[in-house]
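Remarks on the structure that follows.
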Amino acid sequence: MAASSNSSLSGSSVSSDAEEYQPPIWKSYLYQLQQEAPRPKRIICPGEVENRPKYYGREFHGIISREKADELLGGVEGAYILRESQRQPGCYTLALRFGNQTLNYRLFYDGKHFVGEKRFESIHDLVTDGLITLYIETKASEYISKMTTNPIYEHIGYATLLREKVSRRLSRSKNESRKASVTNEEHTAVEKVHTFRGPHWCEYCANFMWGLIAQGVRCSDCGLNVHKQCSKHVPNDCQPDLKRIKKVYCCDLTTLVKAHNTQRPMVVDICIREIEARGLKSEGLYRVSGFTEHIEDVKMAFDRDGEKADISANIYPDINIITGALKLYFRDLPIPVITYDTYSKFIEAAKISNADERLEAVHEVLMLLPPAHYETLRYLMIHLKKVTMNEKDNFMNAENLGIVFGPTLMRPPEDSTLTTLHDMRYQKLIVQILIENEDVLF
């Protein structure tokens, strides 16, 4: 009875360009079928059942046979009972009447009730969702199989608006080749199963998304809502919607860059600009820590105010608070600046004994970084090179900065303390090489 997952939206969630957006004509056939689906009818046990599980109600009839369950249901569509298996005591079954036959499903409970992927707070909701799915898939199986053949996605809504936005952005940045490559890098959308409250329609095929819960998937970046089966046909490269980027810290680097149409995360630009304006000669720059509470304040300011965050000396006179906030930003990235995919290649490059060959190997791996990661790393290394040029005052050379930034910019894919400890010297060496050779490598 595992219901097909579907999803969508009842109104336009792409309303930023209201004058250009033309609402689609939502298709009502599947919605009408859901309204027609049989309603659940609980068959109550007349007597008290001994050893009834506390999470079942009076629809539980104890140990009875399939034949007895069929008799109790009385041929009524939507009628259901729960029973304990005669053959396997301790195992429970949902007996449900649908399509002039009794269907039996193995029933499970782990805090919620389920027979398939979906989990429900109550047996009533499970049965309701199951009847809707059974009815729709029985009545409209051929219709469902053809839903993706005439999509609305390519003509209206997200696709049209996003194509126009990207086109405008490209025209503005046609002379900024690197910027264009960053803002148009491939970005894999993150789609999550979503429960929609109230009727919703799929923004790929325009059909209703049926069921009570987990009706479909929603892209966490652009907010596109589609049936699970339709999501396979939607291009991965979406344009994140700023309205859905709730914070700056802990946000995927590529997502943030694309959403703000910038070369690098603005946290990096703003913090580095502030540090270079008043902190390059500060002793122990990046090594000395600022107060954790104040660093958290800066983080909250960026998450709340974005590029309008005030991190000036009037608010934070201690430059170590700003360097701490920048390091925290890098540590909080879900995918490090030096990505998990390239981590082992950088470590192997660091192990090469010949300096020239090692430099060439590092350069080759750099080319594998996603554009936003590459650009962020390049900009940071230029800045750190400036820090080393003030070593007489701040006592921070490339090796010292490598110790600080090695584990900040790169982390092993597997969460292993042993691997981290073993790789620390190579992490330090990689950052040291990047700083000392930034003019050659980038």
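These numbers come from a predicted model, not from an experiment.
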- Closest non-hydrogen atom pair between C251 and K247, with its separation: CB-O, 3.7 Å

- Out of curiosity, E71 CD to T102 OG1, how far, rounded to the nearest 0.5 Å? 11.0 Å

- Does a side-chain heavy-atom distance below 4.5 Å link K118 with D129? yes

- Message: If we count only N and O atoms by modelled type, under 3.5 Å, do the side chains of E348 and Y343 hold a donor and an acceptor together?
- Response: no

- Query: What's the verdict on side chain to side chain contact (heavy atoms under 4.5 Å, CB included) for T138 and F98, showing C-alpha distance, side-chain angles and the deciding distance?
  - Reply: CA-CA 11 Å; T138 298; F98 178 81; 3.7 Å; yes

- Item | All side-chain hydrogen bond (donor to acceptor under 3.5 Å, both in side chains) counterparts of E77, not counting sequence neighbours | none

- Message: Can you confirm whether L418 is buried at CG, in the sense that more than 12 heavy atoms of other residues, nucleotides or ligands lie under 6.0 Å from that atom?
- Response: no

- Message: Tell me every residue that passes side-chain contact (heavy atoms from CB on, under 4.5 Å) with E48, counting only those two or more places apart in sequence or in another chain.
- Response: R52

- Message: I'd like to know whether CD of Q101 has more than 12 heavy-atom contacts from other residues, nucleotides or ligands below 6.0 angstrom.
- Response: yes

- Locate the shortest heavy-atom distance separating C230 from C205; write the atom from each residue and the value. SG-SG, 3.8 Å

- Item | Gap separating the CZ atom of F346 from the OG atom of S344, nearest 0.5 angstrom | 10.5 Å

- Message: Applying salt bridge (Lys or Arg N to Asp or Glu O under 4.0 Å) as the test, list every pair that has at least one member in residues 140-149; sequence neighbours left out.
- Response: E142-K146

- Within the side chain of K139, is there an N or O that forms a donor-acceptor pair under 3.5 Å with the backbone of L33? no

- Message: What's the separation between atom CD1 in I144 and atom CD1 in I136, rounded to the nearest 0.5 Å?
- Response: 6.5 Å

- Message: So, taking the atom named CG in L333 and the one named CG in L328, what distance separates them when rounded to the nearest 0.5 Å?
- Response: 10.0 Å

- Message: To check you understand the geometry: which heavy-atom pair defines the closest contact between G211 and I132, and what is its length?
- Response: N-CG2, 3.9 Å

- Message: Could you check whether any side-chain N or O of R66 sits under 3.5 Å from a backbone N or O of A69, counting only pairs where one atom can act as donor and the other as acceptor?
- Response: no

- Query: Does OH in Y92 sit with more than 12 non-hydrogen atoms of other residues, nucleotides or ligands closer than 6.0 Å?
  - Reply: yes

- Heavy-atom pair with the smallest gap, counting every atom of P265 and L256: CB-CD2, 3.9 Å

- Item | Residue pair C91 / E84, side-chain heavy-atom distance below 4.5 Å | no

- Message: Could you check whether atom NZ of K345 has more than 12 heavy atoms from other residues, nucleotides or ligands sitting under 6.0 Å from it?
- Response: no

- By side-chain hydrogen bond (donor to acceptor under 3.5 Å, both in side chains), which residues pair with Q34, not counting sequence neighbours? none

- Taking the six-membered ring of Y80, is the NZ or CZ of K41 close enough (under 6.0 Å from the centre) and on axis enough (within 45°)? no

- Query: Between the side chain of D305 and the main-chain N/O of K308, is any donor-acceptor distance below 3.5 Å?
  - Reply: no

- Query: Which distance, rounded to the nearest 0.5 Å, do you find between the CD1 of I270 and the CD1 of I275?
  - Reply: 12.0 Å

- Can you tell me if NZ on K351 sees more than 12 non-hydrogen neighbours from other groups inside 6.0 Å? yes

- Message: Please enumerate all residues that pass side-chain hydrogen bond (donor to acceptor under 3.5 Å, both in side chains) together with T339, with sequence neighbours excluded.
- Response: T342

- Query: In this structure, are over 12 heavy atoms from other groups packed under 6.0 Å from R87 atom CZ?
  - Reply: no

- Sequence neighbours excluded, which residues qualify as side-chain hydrogen bond (donor to acceptor under 3.5 Å, both in side chains) partners of S312? D310

- Where do V268 and F330 land on the side chain to side chain contact (heavy atoms under 4.5 Å, CB included) test, with the steps shown first? CA-CA 9 Å; V268 176; F330 290 131; 3.9 Å; yes

- Message: Taking the ring of H200 and the ring of W210, is the distance between their centroids below 6.0 Å?
- Response: no

- Between the side chains of Y135 and E36, does any donor sit under 3.5 Å from an acceptor? yes

- Query: Which residues satisfy the side-chain contact (heavy atoms from CB on, under 4.5 Å) test with F114, sequence neighbours excluded?
  - Reply: F108, D110, R119

With a cut-off of 3.5 Å and sequence neighbours excluded, list every side-chain donor-acceptor pair involving residues 291-299.
residue	atom	partner	partner atom	Å
K299	NZ	D332	OD2	3.4

- May I ask you to check whether over 12 heavy atoms, not counting those of E307, lie within 6.0 Å of atom CD? no

- Query: Is there any ring pair (Phe, Tyr, Trp, His ring centres under 6.0 Å) pair reaching into residues 400-423, and which pairs are they, with sequence neighbours excluded?
  - Reply: Y286-F405

- pair T254-V257: side-chain heavy atoms closer than 4.5 Å: no

- Sub-4.5 Å side-chain heavy-atom contact between L409 and M381: yes

- Message: side chain to side chain contact (heavy atoms under 4.5 Å, CB included), that's the test. Do L253 and I335 meet it? Break it down for me.
- Response: CA-CA 8 Å; L253 194 155; I335 300 175; over 6 Å; no

- Message: Checking S122 now: which residues fulfil side-chain contact (heavy atoms from CB on, under 4.5 Å) with it, not counting sequence neighbours?
- Response: H124, D125

- Any donor and acceptor pair, going by atom type alone, linking the side chain of H227 with main-chain N or O of F208 inside 3.5 Å? yes

- Task: Would you check if I81 and I44 make a side-chain contact, meaning some heavy-atom pair closer than 4.5 Å?
- Result: no

- Item | H61 side chain near I64 side chain, heavy-atom distance below 4.5 Å | yes

- So the salt bridge (Lys or Arg N to Asp or Glu O under 4.0 Å) pairs with at least one residue in residues 265-275 (sequence neighbours excluded) are R264-D269, E274-R278

- Message: One pair to check against side chain to side chain contact (heavy atoms under 4.5 Å, CB included): L96 and L131. What are the steps and the verdict?
- Response: CA-CA 9 Å; L96 173 65; L131 287 169; 3.9 Å; yes

- Message: Which residues pass the side-chain contact (heavy atoms from CB on, under 4.5 Å) test with K54, not counting sequence neighbours?
- Response: none

- Would a 4.5 Å heavy-atom cut-off, applied to side chains only, mark F302 and Y329 as touching? no

- Heavy atoms only: give me the nearest T195-A214 pair and the separation to one decimal. OG1-N, 2.9 Å

- Any luck finding a side-chain donor-acceptor pair between T93 and N104 under 3.5 Å? no

- Looking at SG of C45 and CD of E59, how far apart are the two atoms once the value is rounded to the nearest 0.5 Å? 10.5 Å

- Note on the structure: Shortest non-hydrogen pair, I311 vs C271, comes out as CD1-CA, 4.0 Å

- Indicate yes or no for a side-chain donor-acceptor contact from K27 to the backbone of M147 under 3.5 Å, with no hydrogens or angles considered. no

- Side chains of T408 and R331: donor-acceptor distance under 3.5 Å anywhere? no

- Evaluate the side-chain proximity of L366 to F442: yes if any heavy-atom separation is below 4.5 Å, no if none is. yes

- Query: Does T376 use its side chain to pair, donor to acceptor, with the backbone of H373 at less than 3.5 Å?
  - Reply: no

